[in-house]
Every structure is written in C-alpha cells, then in structure tokens.
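Comments concern the structure below.
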Number of protein chains: 2
Amino acid sequence: MASMPTVYDVAAAAGVSTATVSRYFRDPDRVSPSTRTSIAEVVQSLGYVPSGLARGLAERQTGSIGLYSFGDHEADEYVQPSPAPGAGVEEIDERNERVRLFPLFADEVLRGVELECTIGKTPLTVGWQGLDGGGIALDDLARRVDGLILLPHVMSRETLQLLARTRPMVMVSEAAIPGLPVGSVTVDNRAGVGALVRHLIVAHGHRTFEFVGRPTVALDYRERRQGFEDALTEAGISVPEVTRVGDSGRTGTRDAFLHRLRERPLPDAFVCASDQTALGVIEAMQAQGIRVPTDVAVTGFDGIVAGRLCTPSLTTVRQPMETLGRTAVRLLSEQMAGEGARHLTLPVQLAVRRSCGC
Amino acid sequence: MASMPTVYDVAAAAGVSTATVSRYFRDPDRVSPSTRTSIAEVVQSLGYVPSGLARGLAERQTGSIGLYSFGDHEADEYVQPSPAPGAGVEEIDERNERVRLFPLFADEVLRGVELECTIGKTPLTVGWQGLDGGGIALDDLARRVDGLILLPHVMSRETLQLLARTRPMVMVSEAAIPGLPVGSVTVDNRAGVGALVRHLIVAHGHRTFEFVGRPTVALDYRERRQGFEDALTEAGISVPEVTRVGDSGRTGTRDAFLHRLRERPLPDAFVCASDQTALGVIEAMQAQGIRVPTDVAVTGFDGIVAGRLCTPSLTTVRQPMETLGRTAVRLLSEQMAGEGARHLTLPVQLAVRRSCGC
DNA sequence: ATGAAAGCGCTAACAT
DNA sequence: ATGTTAGCGCTTTCAT
C-alpha cells in the first residue's frame with residue numbers, strides 16, 4: 001500500500017491550508033467553489049481518505065457503537081456444511097444433515113442491532129468473546145466505541161463497573177445492576193414458561209414434568225426455572241428436581257442426558273431451559289429409540305431457527321430477539337444523548353409446534 | 001459520563017510518567033511489580049480505559065477490519081414477527097406466518113467473517129448501505145479500518161479505485177477488476193446452474209424451461225444465466241427469453257410474475273436466478289392456484305434458510321456462504337501482510353428438495 | 001474565504 | 001526500570 005496521504009499532503013498540493021481541506025470535507029459550503037474543485041482534484045490524484053482515527057481523536061468520539069457478543073463456533077454443529085474443492089457439483093440431501101445451529105440468539109439480536117444502525121447511519125463494531133479465551137477482550141472493544149451493547153457474558157463485575165463509569169452501556173437479557181448506570185432489555189421469561197407449562201397441562205393432560213438445563217446464575221435460567229416451578233405449584237403439581245446438563249451446547253447436553261435416561265423413568269414432558277438444550281435432549285432420546293412426542297414431550301425456549309428445521313419441530317417460547325437488539329440500540333442512543341439508563345421487559349410468544357404432541 | 005481520564009491523569013496520580021503507564025498496558029513485564037500495582041489502583045479508581053483512537057493514531061493502524069454490507073430490511077418480510085407489548089403470552093401458529101427472509105446471503109457471509117475474526121481476535125466494523133441512500137457511505141467505513149471486505153454493491157468505480165490505492169480490499173461475489181489490486185472470492189455459478197438443469201432434465205424429464213431473474217450486470221446473474229443457456233444448448237434444447245422480474249425482493253417478483261402468467265403457457269420448470277426470486281415465483285403461482293411442483297417445477301440459487309422453511313421446500317444450488325466469508329477474511333489478511341491480491345472460486349452443491357418434484 | 005497554531009491522547013525512540 | 005519528548009493526522013478557535 002502506498003503510505004497514506006494526509007491533510008498536509010493535500011493542503012500542500014492544493015496550495016491551501018489544512019484548515020481549508022478539513023472544511024472541504026466537513027462543510028463544503030464554507031469553501032469557495034474554485035478551491036473546492038482544486039482540492040477535489042488533489043484528493044483524487046493522491047487517493048486521500050481522511051483518517052477516522054485522527055478525526056475521532058480531535059472530535060473526542062469514535063462515531064461507532066459496539067456490540068460484545070460471543071463466538072460459540074468451534075463445533076461442527078455451528079458450521080455450514082461446505083463442499084470439498086475440486087470435485088464437480090455434489091448433490092446433497094439435507095435430511096441426512098444435522099440441523100445447523102445458525103442463526104442462534106446472538107445472531108438474531110445482532111440482526112436487530114444492525115437494522116437500527118442502518119437507520120441511524122452508525123457503523124457497528126462487533127467483538128466476539130471466544131469460549132476458550134479466544135476472541136477479543138471487552139476492554140479492547142470498549143475503547144473503540146462511544147457506547148456498548150452487551151450480550152449475556154461471564155464477565156467480572158469490576159470490568160463492568162470500570163467501563164460503565166465512562167461510557168454508556170446496555171445489557172441484553174441480563175438483570176439490571178443496582179447502582180450501575182447500565183440500561184437493560186430482557187424478556188418475560190417467567191410468563192413464557194408459565195404459558196408453556198399450562199399448555200402441556202391443559203392441551204395434553206400432562207402431569208409429570210422435568211426441568212432440564214444447565215444451572216447458572218444467569219437471569220434467564222433463574223427466571224425460566226422459577227416460571228416452571230410457579231406454574232406447577234399453581235396447578236397443584238409437586239416440583240421435581242432439575243435435570244442438570246453439561247454446558248457445551250447440544251453435544252454436552254446429549255451426553256449428560258443419556259446418563260439421566262438410565263436413572264429414572266420418563267416424565268410426561270421435559271421442559272428445557274433453552275432450544276439448544278431441547279435439541280440435545282431430543283437427539284439423546286432418539287438415539288435411545290425413545291419417540292418424541294409419542295413417548296415424551298419436549299419443549300424449548302428461545303425460538304431459534306433450528307427448532308423449526310428439526311424433526312419433530314420444537315414447541316417453544318419465542319423471544320422477540322430482533323426487537324431485543326433494536327431496543328438495545330434505542331436505549332443506548334438515549335443514554336448517549338444524556339438520558340438515564342432504562343430497563344425494559346419485552347413480551348414473548350408461545351410457538352406451538354410438534355414436539356409437545358400438537 | 002464523567003469525562004474520560006487520560007494517560008496524563010493516571011501518570012500524575014500514580015507518580016510515574018506516561019511512558020510507564022503506556023508500558024503497563026502494552027507490556028506489563030517491563031514495569032516493576034510495585035509500580036504495576038500502584039498504576040492498577042489508579043486505573044481502577046479513575047476508571048481509566050486507554051483511548052483506541054489515540055492509540056491507533058500513534059500506531060498508524062486501527063486494528064479492525066471492515067465489512068461493507070447491505071441493509072435490505074425495510075419490508076415486513078425481513079422483520080421478525082414480534083408480539084404487541086402489554087398482552088399476556090400470545091399463542092402463535094407459524095404455519096400461517098409468511099416465511100421470514102432471514103438469514104439471507106449477507107447474513108451467512110457475515111457469519112463466516114465473524115468466525116475468522118473471533119479466531120484472529122480482530123474486532124469487525126460493519127457498515128450497511130441502505131437501499132434508499134440510507135446507511136453509511138463506503139468512505140465512512142473505509143477510514144475506520146485497516147482493510148475492507150465488500151459484499152456486492154452498486155458503487156462507483158472511482159470510489160473503489162480511490163480506496164483500493166491505500167488499503168487492502170477483498171470483494172465477495174464480484175468479478176476481479178483488471179488493474180486494481182483487489183482480491184475476490186466467488187462461487188462456481190455456471191457449474192451450479194448446469195447441474196441443476198441437468199437434474200431437471202435427467203431426473204424429471206423436463207424439456208421446456210424459463211430463466212427468471214432481474215437482469216443486472218452483476219457477476220452472479222450473468223454467470224447463472226450463462227450456465228442455464230449452456231446446459232440447455234448442450235442438451236439440444238433451444239434457449240428461451242429471460243423472464244424479467246422487479247427488484248424489490250419477493251413482493252416485486254410476485255407482481256411481475258403475475259403479469260408473466262397471463263401471457264404464456266407454463267414451461268416444465270422455472271429456473272430462478274436466486275432463492276428470493278424463486279420464493280416470489282412460488283408465491284405468485286400459489287396465489288393463482290397453480291401447484292408447485294405438480295404443475296410446474298421451480299428452482300432457486302443460494303441456499304438461504306427460507307428455502308427450507310417454505311412449502312414446498314426449494315430445490316436450489318447451495319453456495320458455501322459461510323466459507324465465502326471466511327475466505328474473504330483470509331485473503332484480506334494475506335493482503336494486509338503484504339501479499340498480493342488473489343482470486344478464488346469456490347464450489348457449490350445441489351440441494352435437492354421438493355420444489356423440483358423430488 | 002482562508003490561515004496559523006494549539007490541542008486531542010497515546011506510543012516509541014532515545015536518554016538516564 | 002523509568003522519564004522526556006516528538007510525533008501521529010485531524011479539528012477548531014482565533015486571526016486576518
């Protein structure tokens with residue numbers, strides 16, 4: 001690359017000062033038509049593009065907002081099947097492929113963020129935290145942007161506190177942190193699971209349930225489990241132990257679940273904390289010859305696309321993921337405009353498909 | 001927001017020089033343990049985060065790469081259905097919903113780019129060009145990054161030329177531009193359509209075909225059409241006129257197509273230039289009571305998710321979209337490392353589903 | 001309408 | 001191990 005020309009180069013070549021070149025880009029009307037054209041020529045011939053870095057430094061802002069997401073894509077199940085190079089055009093039958101886990105929650109939220117950024121003409125800087133310590137650090141992203149949207153993450157409260165002091169932030173699907181001026185958008189997890197459980201009871205007459213998930217301190221897990229317990233209690237059904245599963249997505253779930261299957265008889269329904277967990281559960285049972293939903297119902301939570309592509313399709317609670325993203329951007333804009341941090345809870349929908357027996 | 005503390009503030013409070021503070025962040029080992037802790041304390045209490053802008057300016061690079069994409073999301077069909085706030089948990093039946101156009105080509109490519117960025121620990125700055133002149137300008141994105149990946153766009157050759165002089169760029173699904181040091185990744189469009197047409201001939205015995213698309217100068221359109229014509233010629237079938245459709249995605253296609261339906265009898269098969277076009281065609285025909293694939297076969301090109309969710313599911317040529325994105329990042333990295341611009345063509349797969357009659 | 005010059009916050013020689 | 005200081009490329013008063 002030819003080393004980048006600067007304002008000085010342009011100014012010199014055009015026989016004007018750097019101030020005039022700067023004006024040419026920021027407010028052309030303040031430059032006389034004749035100098036305007038001569039600067040334009042120089043810009044073309046030099047291939048000059050103003051440095052966003054220097055501009056931002058002088059303006060004291062980057063002009064970009066940040067999204068901190070997670071990159072959970074090592075496993076095959078996240079990767080799009082791709083043909084080997086060289087051969088002709090291979091014919092494939094997707095019914096024999098494993099359902100790919102894309103797009104997931106984070107991808108749909110990103111979509112919403114993207115939408116608002118397009119409208120607001122704001123470039124978005126995305127940083128992904130890898131599972132294994134890969135990806136970039138939150139700080140690294142934070143210093144590049146004027147405001148941050150955080151997807152649920154394991155991150156220290158100190159880091160959060162440090163960053164929240166100097167820049168607007170909005171969390172998606174995380175509980176508001178008392179004392180920190182950080183906005184948040186969540187969904188009504190409890191109501192969602194409640195509606196789901198009532199559907200299983202009322203429409204299918206189920207009486208025995210098991211909640212399956214990876215116990216964490218995360219808001220969504222806690223609330224969904226609470227919704228499960230409340231709904232059962234309300235129906236006069238006793239609350240069973242949680243069936244714990246591993247954390248590495250579908251595979252981990254499947255292995256942990258095979259163990260569970262050997263221990264106790266099946267309930268009427270497995271209510272899973274997420275769609276990904278439910279997909280693992282279904283896979284584990286199909287591997288054992290147990291039929292879903294004939295032998296047992298299985299439900300999820302989230303509304304990811306894979307839940308529609310799998311067999312049987314997954315009855316679940318659908319979050320307005322895209323709206324979560326859009327709302328996060330709006331709340332962030334408010335905060336960047338000096339308004340206070342707000343906390344919003346969005347409604348969910350019950351998506352009745354096959355895995356519940358419907 | 002408390003106005004941001006700077007290195008000077010930290011240095012002063014810790015009783016050291018700014019150079020030491022800088023070293024503390026960039027190479028802690030070069031700072032003695034005792035000063036290290038005292039700096040750490042000051043950083044915490046001040047809430048100091050280094051400015052990426054100033055750092056980048058001094059280092060002469062942003063440390064981020066850019067993706068210029070398109071934001072084609074005004075229409076309903078791109079938006080995730082979302083519940084009205086306030087009500088309880090609404091129950092939905094997705095079979096009555098229109099298939100949402102997400103994720104599309106650009107989203108899958110983004111996914112691939114994302115994957116490589118996570119591995120490379122590189123933040124990604126994305127800019128979207130809106131359809132109606134919304135979104136951000138390519139220049140705006142360009143000045144913020146060290147290298148650019150371009151999705152297919154309408155953009156002036158001058159802009160491209162200007163930018164390509166000073167920074168590495170890679171185009172996805174666009175023809176290499178002679179004389180410009182811009183890398184590119186494409187897929188084998190001709191082979192893909194060829195395989196598709198042969199499938200229709202061999203497996204289904206079809207003899208009359210029509211190519212449906214929006215004629216443009218874009219590489220993908222030209223190559224796909226060429227593949228269509230070559231395959232027919234090879235089979236001794238005469239090549240018909242192209243059926244032209246509008247440009248606004250599914251809706252535009254449908255309207256243009258209704259017009260077509262009134263004019264001539266149906267062929268055995270409509271070979272569409274893209275999945276989105278095919279979805280519009282199917283919708284138009286279903287609106288007329290024409291059955292797919294019973295009355296006529298319809299095929300697409302791309303392999304977007306909506307093609308699997310629609311009824312009948314869409315027989316199509318699947319591009320390795322994620323791999324396109326990953327490859328683009330790799331080529332860009334090469335160029336940023338000083339290597340030359342390369343041009344790669346990736347293979348495609350034939351995804352046989354229902355809409356061809358299988 | 002244009003110019004001169006002082007920052008913006010950090011890094012990286014070069015010194016000590 | 002730490003400090004001094006000259007940039008990095010742009011914006012923006014304040015003059016003219």
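Convention: sequence-line order gives letters A, B, ...; per-chain numbering from 1.
For D:dC10, the base has a donor-acceptor partner in the side chain of A:Tyr8 [N/O atoms by modelled type, under 3.5 angstrom].
Counting only residues at least two apart or on different chains, the salt bridge (Lys or Arg N to Asp or Glu O under 4.0 Å) pairs with a member in residues 331-343 of chain A are A:Glu334-A:Arg342. Note on residues 37-55 of chain B: no pairs pass side chain to side chain donor-acceptor pair (under 3.5 Å), not counting sequence neighbours.
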Residues 169-186 of chain B side chain polar contacts: donor-acceptor under 3.5 Å, at least two apart:
from	atom 1	to	atom 2	distance (Å)
B:Ser184	OG	B:His343	ND1	2.7
B:Thr186	OG1	B:Leu344	O	3.4
B:Thr186	OG1	B:Thr345	OG1	3.4

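Separating the CZ atom of A:Arg144 from the P atom of C:dC10 is a distance of 14 Å, rounded to the nearest angstrom. Taking atom OH of residue B:Tyr24 and atom P of nucleotide D:dA1, one finds them 17 Å apart after rounding to whole Å.
A heavy-atom distance below 4.0 Å to DNA chain D is reached by these residues of residues 54-62 of chain B, ordered by number: B:Leu57, B:Ala58, B:Arg60. Only B:Arg26, listed by number, bring a heavy atom of residues 25-40 of chain B to less than 4.0 angstrom from any atom of DNA chain C.
For B:Tyr68, the ring-ring contact (aromatic ring centres under 6.0 Å, His included) partners at least two apart in sequence or on another chain are B:His153. With sequence neighbours excluded, no residue satisfies side-chain hydrogen bond (donor to acceptor under 3.5 Å, both in side chains) with B:Ser333. Remark: B:Thr323 pairs with A:Ser82 by the side-chain hydrogen bond (donor to acceptor under 3.5 Å, both in side chains) rule, at least two apart or across chains. Every side-chain contact (heavy atoms from CB on, under 4.5 Å) that B:Ser156 has, sequence neighbours left out, goes to B:Glu158, B:Thr159. Applying the side-chain contact (heavy atoms from CB on, under 4.5 Å) criterion to A:Arg330, with sequence neighbours excluded, gives A:Glu116, A:Arg326. For B:Asp140, the side-chain hydrogen bond (donor to acceptor under 3.5 Å, both in side chains) partners are B:Arg144, not counting sequence neighbours.
Backbone-only contact: A:Tyr48 has heavy atoms under 4.0 Å from sugar-phosphate atoms and none from a base. Across all strands, B:Ser51 comes closer than 4.0 Å only to sugar-phosphate atoms, never to a base (heavy-atom distances).
Neither side chain, B:Ser64 nor B:Thr62, offers a donor N or O lying under 3.5 Å from an acceptor on the other.
Ion pairing of B:Arg111 with B:Glu114 is present here, as a side-chain N (NZ or NE/NH1/NH2) and a carboxylate O approach within less than 4.0 Å.
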Identify all pairs in which a protein N or O lies below 3.5 Å from an N or O of nucleotides 3-5 of chain C, and state each distance.
from	atom 1	to	atom 2	distance (Å)
C:dG3	OP2	A:Ser17	N	2.6
C:dG3	OP2	A:Ser17	OG	3.1
C:dG3	OP2	A:Thr20	OG1	2.9
C:dG3	N7	A:Arg23	NH2	3.4
C:dG3	O6	A:Arg23	NH2	2.6

